[in-house]
Amino acid sequence: MVVIGGSGTGKSVLLKWHPRHPAGGLRYDPVDGEDVTQTPAADRDTVNRKFGMLFQGAALFDSLPVWENVSFGLIQRERIGRAEARDRAVATLAKSA
């Protein structure tokens, strides 16, 4: 098997996740003292909400305006209305200016 891909495409992550990886798979640190590897599927949303994602090179969804990229989680996961999500995103962006 060969894994080929450009920089940042996940080759190392793929190999580290494989159960036969020489390093024995990834080692996990507790999240707020909780062993997340033992979290039941029904409770994973609670754990996942403690994490964010930053695309490599600070890339955004190029089909969306900046405010919508910032509020993506609010709209998609939290089901907050677009107007409220936009207001919150713009306010958050204004704090960093």
Side-chain angles (χ1 to χ4, degrees):
M1 175 186 292
V2 176
V3 179
I4 299 174
S7 174
T9 58
K11 299 178 300 292
S12 297
V13 172
L14 173 68
L15 293 174
K16 288 178 185 176
W17 276 93
H18 194 280
R20 293 191 193 124
H21 183 266
L26 290 174
R27 306 275 188 250
Y28 296 93
D29 289 331
V31 176
D32 292 338
E34 180 182 349
D35 178 0
V36 296
T37 63
Q38 302 302 313
T39 302
D43 298 331
R44 275 197 207 122
D45 253 5
T46 303
V47 173
N48 288 342
R49 289 174 193 268
K50 297 176 184 179
F51 294 91
M53 182 188 325
L54 177 63
F55 293 101
Q56 199 162 10
L60 302 174
F61 294 116
D62 60 0
S63 62
L64 303 177
V66 172
W67 74 264
E68 203 166 348
N69 272 274
V70 171
S71 62
F72 189 82
L74 295 174
I75 294 168
Q76 297 299 318
R77 182 175 282 292
E78 304 295 324
R79 303 289 189 217
I80 290 176
R82 292 174 62 77
E84 181 184 347
R86 185 181 189 283
D87 290 346
R88 289 172 64 175
V90 169
T92 300
L93 289 167
K95 290 179 186 176
S96 64

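Note that these values count all heavy atoms, side chains included, but never hydrogens, waters or copies made by symmetry.
N69 approaches L64 most closely through the heavy-atom pair ND2-O, 3.2 Å.
Between D87 atom CG and L74 atom CG the span is 11.5 Å, to the nearest 0.5 Å. Distance check: R88 CZ to E78 CD gives 8.0 Å after rounding to the nearest 0.5 Å. Taken to the nearest 0.5 Å, the CZ atom of R86 stands 15.5 Å off from the CD1 atom of I80.
When the side chain to side chain contact (heavy atoms under 4.5 Å, CB included) test is applied to D43, the partners found at least two apart in sequence or on another chain are T39, P40. Residues passing the side chain to side chain contact (heavy atoms under 4.5 Å, CB included) test with A89, sequence neighbours excluded: W67, V70, S71.
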